[in-house]
Amino acid sequence: MTTPSVQRSGPASSRTTAPAGAAVPAPSGPDPRLTSAVMADYRGCFGCGEEAAGGLRLRRTGVDDGAVTAEFDVRAELQGAPGLAHGGVLATAMDEVLGTAAWLLGKRYVTGRLETDYLAPVPVGSTVHLRAWCTGVDGRKAYLEGEGRVGGPDGPVAVRAAALFVEVPEEHFTRERVKHGHSTKERAN
Ligand SMILES: CCCCCCCCCCCCCCCC(=O)SCCNC(=O)CCNC(=O)[C@H](O)C(C)(C)COP(=O)(O)OP(=O)(O)OC[C@H]1O[C@@H](n2cnc3c(N)ncnc32)[C@H](O)[C@@H]1OP(=O)(O)O
């Protein structure tokens, strides 16, 4: 597998850089046993859920040369500065595609640290083309990098990110809901 390369103007921090020799697994697919019990509410995901009012509605489009690909449209309600995508929206999109690349390694991961570089403004009305890939796994820690391009999949990079994801047990997704009295069944009704 080849790892896509992104030209950086500066390095990711040491906290999001895989240690030397860390394995780089190829994305395969989420183990259904990992997803069945925790994905029931996922249509409400702010990043990709079709039922999340005001969400990004990010679309996963596939895996290309070791990288997960996705895209989303910058609707007017996602703007920050007039006519431009909000930076937090772009960070959320990076979190979502990086998280997808992590889950495709076959284990459950959550974001521990997310670093985002904004290289160019992203106009309302544009489509952001996202890619994310793993740079190494070290025990429970998975290191991911990604980028978002505008004007097409090969357009200029407007945003890039590096992140550390941490593997968690299934209870990670249920214990807080139990604590706060929020069940999947209630949500589905
Ligand atoms: C076709 C497609 C189908 C796809 C189908 C599935 C799709 C599915 C997509 C999902 C896409 C979701 C995309 C959104 C993903 C979120 O947004 S997740 C939500 C945001 N994140 C969170 O809520 C996490 C909150 N934090 C926590 O729960 C805990 O702090 C953590 C991260 C689990 C770590 O806690 P812990 O388990 O007690 O572990 P801990 O010992 O503290 O840390 C483990 C290691 O990580 C390191 N670490 C932890 N945090 C950090 C940090 N911030 N900086 C540096 N190091 C750290 C520790 O130093 C430690 O290192 P070692 O000592 O082992 O060397």
Side-chain angles (χ1 to χ4, degrees), residues 11-23 25-52 54-72 78 86-117 128-148 153 159-180 182 184 187:
S13 81
S14 60
R15 294 165 76 186
T16 59
T17 300
S28 52
D31 184 332
R33 291 169 300 176
L34 297 179
T35 58
S36 57
V38 299
M39 298 300 277
D41 276 352
Y42 214 57
R43 285 170 301 179
C45 174
F46 183 80
C48 67
E50 61 222 43
E51 294 177 2
L56 268 57
R57 298 178 205 151
L58 176 146
R59 306 175 291 276
R60 298 184 178 88
T61 50
V63 177
D64 174 35
D65 196 19
V68 168
T69 58
E71 58 189 33
F72 80 102
L78 301 179
H86 196 291
V89 163
L90 298 172
T92 301
M94 296 312 306
D95 191 21
E96 187 71 27
V97 70
L98 292 162
T100 301
W103 275 63
L104 288 177
L105 299 174
K107 294 178 178 173
R108 298 178 198 87
Y109 287 101
V110 293
T111 323
R113 182 175 177 82
L114 174 66
E115 299 171 5
T116 311
D117 293 313
V128 183
H129 300 267
L130 302 153
R131 294 169 63 82
W133 56 91
C134 179
T135 59
V137 173
D138 180 26
R140 292 176 58 210
K141 296 184 287 188
Y143 297 84
L144 284 299
E145 293 187 1
E147 61 184 22
V159 56
R160 65 187 170 209
L164 167 70
F165 281 74
V166 181
E167 184 189 340
V168 293
E170 182 173 338
E171 303 79 70
H172 178 94
F173 301 100
T174 53
R175 64 187 169 215
E176 295 301 319
R177 290 192 281 190
V178 169
K179 205 186 294 178
H180 297 291
H182 175 88
T184 299
R187 184 89 169 258

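Just so you know, residue 1 is the first one in the sequence shown, and it goes up from there. For ligands, and for the atoms within them, numbers begin at 1 and follow the listed sequence.
- Every residue meeting the side chain to side chain contact (heavy atoms under 4.5 Å, CB included) condition with R113, not counting sequence neighbours, appears here in chain and number order: S13, R15, T16, E115, L164.
- Counting atoms of ligand 1 from 1 in the listed order, those under 4.0 Å from a heavy atom of G112 are 52 (C), 53 (N).
- For ligand 1, one of its N or O atoms has an N or O atom of D95 under 3.5 Å away.
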### Task
Apply side chain to side chain contact (heavy atoms under 4.5 Å, CB included) to L78 and F72, showing your working.
CA-CA 11 Å; L78 301 179; F72 80 102; 4.1 Å; yes

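- The shortest heavy-atom contact between A18 and G136 is CB-CA, 3.9 Å.
- Each of the following atoms of ligand 1 lies closer than 4.0 Å to a heavy atom of H172: 28 (O).
- Annotation: the span from L56 atom CG to T92 atom OG1 amounts to 6.0 Å, rounded to 0.5 Å.
- Near V168, meaning under 4.0 Å from any of its heavy atoms, are these atoms of ligand 1: 33 (C).
- Residues satisfying the salt bridge (Lys or Arg N to Asp or Glu O under 4.0 Å) test with E50, not counting sequence neighbours, are none.
- For R140, a nitrogen or oxygen atom sits less than 3.5 Å from a nitrogen or oxygen atom of ligand 1, counting backbone and side chain alike.
- Of all the heavy atoms of L164, the ones lying under 4.0 Å from any atom of ligand 1 belong exclusively to the side chain.
- The residue among T16, V63, T92, T111 with a heavy atom at the shortest distance from atom 24 (C) of ligand 1 is T111.
- For K141, a nitrogen or oxygen atom sits less than 3.5 Å from a nitrogen or oxygen atom of ligand 1, counting backbone and side chain alike.
- Of the residues R59, R60, R131, the one that meets the side chain to side chain contact (heavy atoms under 4.5 Å, CB included) test with E71 is R59.
- There is a side-chain donor-acceptor pair under 3.5 Å between T111 and D95.
- Per-residue contacts place R113 under 4.0 angstrom from the following atoms of ligand 1 (heavy atoms of the residue considered): 53 (N), 54 (N).
- By the criterion of a heavy-atom distance under 4.0 Å, the side chain of V166, and not its backbone, is placed next to ligand 1.
- Under a 3.5 Å cut-off, the side chain of R140 and the backbone N or O of E167 do form a donor-acceptor pair.
- Ligand 1 has an N or O atom lying under 3.5 Å from an N or O atom of R15, backbone or side chain.
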